[in-house]
2 protein chains.
Amino acid sequence: MSLFLSSYENRLDTKGRVSVPASFRASVSNEKFAGVVLFRSFTNNCIEGMTMSRMEQMAAATDKMGVFDSELDDLTAMLFADARQLAFDVTGRIIIPSDMLAHAGITDSAIFVGRGNSFQIWNPDAFRAAQEKSLNNLRAARPNLKIGE
Amino acid sequence: MSLFLSSYENRLDTKGRVSVPASFRASVSNEKFAGVVLFRSFTNNCIEGMTMSRMEQMAAATDKMGVFDSELDDLTAMLFADARQLAFDVTGRIIIPSDMLAHAGITDSAIFVGRGNSFQIWNPDAFRAAQEKSLNNLRAARPNLKIGE
DNA sequence: GGTTTTTTTATGGTATTTTATGGTTTTTGA
DNA sequence: TCAAAAACCATAAAATACCATAAAAAAACC
């Protein structure tokens, strides 16, 4: 799977359709499902997005936990119950459900934000503010990311 | 097997018929049994649903427990004795048995809730309350789900 | 290097199909 | 024979596919 990189701001039309950035579509192009899976973020006021195969990996990961585990309940409730699979139309657009738009405070335009193996969709202004905050957090405390094991 | 994602609220008609959401039917479409298996949840006031092949996986998983385990007795009683297989009619509807409706408190409408490899059927109001609770739980403590090994 | 041409991408509107849902008729089986 | 279940038919609403154009990016050209 190729990575979701960079940020792209696109307009919503009257029917709520919005183009998924071409470069994101390219990242999905060799998936069997030609579209994306979205769900409301429970950490930010934004929408989380990923490929279907990534979602299937999530399901496989939950299978390794106990089937009747109560912690798992909450997680699968938000991950799967809230998720929507949205196919691209011919020109590469999706219609973001209105409850998700409300959650993210998106009205007339949305910004698609690359997150590596996934992406997010934000209200453009809210994103810029959050981005500023992330920068300050990182300056205050350098993260401990290791590439070699 | 494709995943059960998202939530769909559908009405029951006077005869108790309710449409299984089209996307759920799609998840079942390459199964040999064109329908679903339901049983009463013993963790929530709802109905558990899955494909026949998932049910077979469950049977295989119970084999890993001791044959004369007393927990297994109760589990298999609910899983297999209580389970009903319901075929879709031409338009994709099923009739949910009345004891299951009573268990879930479903009267005039039901919400089909994706859970990844399975799904649930809830009273819509009860589901929304439970969902709110899950969201709060997750916000309080971020779950630790790892996809890489 | 700058200009023109071509291609890709984003966006707007319309037509078609699918889906949910209500009702009626036929079949089954007790 | 009668009631319950299954099959059949019809329709409105929602979702999806289709077509057409404008804007932007990339490529080709001088």
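Keep in mind the model is a prediction, meaning the values are calculated, not measured. Side chains included, hydrogens not; waters and symmetry mates left out as well; all remaining heavy atoms used. A note on names: the letters A, B, ... follow the listed sequences, proteins ahead of strands, and every chain is numbered from 1.
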Under a side-chain separation threshold of 4.5 Å, the hydrophobic residues clustered together with B:V113 are B:I111, B:W122, B:F127

Residues at least two apart in sequence or cross-chain that pass ring pair (Phe, Tyr, Trp, His ring centres under 6.0 Å) with B:F112, listed by chain then number, are none

Rounded to 10°, the angle between the first-five-pair and last-five-pair axes of the helix from C:dG1-D:dC30 to C:dA30-D:dT1 is 40°

Close N/O contacts between protein and nucleotides 22-30 of chain C (under 3.5 Å):
unit_1 : atom_1 : unit_2 : atom_2 : d
C:dG22 : OP1    : B:R11  : NE     : 3.3
C:dG22 : N7     : B:R93  : NH1    : 3.1
C:dG22 : O6     : B:R93  : NH2    : 3.0
C:dG23 : N7     : B:R17  : NH2    : 3.0
C:dG23 : O6     : B:R17  : NH1    : 2.6
C:dG23 : O6     : B:R17  : NH2    : 3.2
C:dT24 : O4     : B:K15  : NZ     : 3.1

So, with a heavy-atom separation below 4.0 Å from DNA chain C, the residues of residues 81-89 of chain B are none

note: A:I94, atom CD1; D:dT16, atom P; distance rounded to Å ~ 12 Å

Here the distance between atom C1' of C:dT19 and atom CZ of B:R25, to the nearest Å, is 7 Å

A:N10 CG to C:dG12 P, in whole Å, measures 11 Å

Apart from A:V90 itself, members of its ILVMFWY cluster (side-chain separation under 4.5 Å) are none

Exactly one candidate in B:T51, B:V36, B:N117 meets side chain to side chain contact (heavy atoms under 4.5 Å, CB included) with B:F4; the answer is B:T51

Between CD of B:E9 and P of D:dA14 the distance, given in whole Å, is 14 Å

Residues at least two apart in sequence or cross-chain that pass side chain to side chain contact (heavy atoms under 4.5 Å, CB included) with A:D125, listed by chain then number, are A:N123, A:R128

Atom OH of A:Y8 and atom C1' of D:dA24 are separated, to the nearest Å, by 14 Å

Contacts of B:D89 meeting salt bridge (charged side-chain N to carboxylate O under 4.0 Å, His left out) (sequence neighbours excluded), chain-then-number -> B:R93

From CD1 of A:I96 across to P of C:dT11 the rounded distance in Å is 12 Å

Going by chain and number, the hydrophobic cluster around A:I95 (ILVMFWY, side chain to side chain under 4.5 Å) further includes none

Taken in chain and number order and not counting sequence neighbours, the residues that satisfy side chain to side chain contact (heavy atoms under 4.5 Å, CB included) with B:F33 are B:M52, B:Q85, B:A87

Residues pairing under salt bridge (charged side-chain N to carboxylate O under 4.0 Å, His left out) where one sits in residues 15-27 of chain B, two or more places apart or in two chains, turn out to be B:D13-B:R17

By ring pair (Phe, Tyr, Trp, His ring centres under 6.0 Å), B:F88 pairs with (sequence neighbours left out) none

* To do: Check the pair A:Y8, A:F24 against ring-ring contact (aromatic ring centres under 6.0 Å, His included), reporting the backbone distance first and the verdict last.
  => CA-CA 10 Å; A:Y8 305 88; A:F24 283 24; 5.7 Å; yes

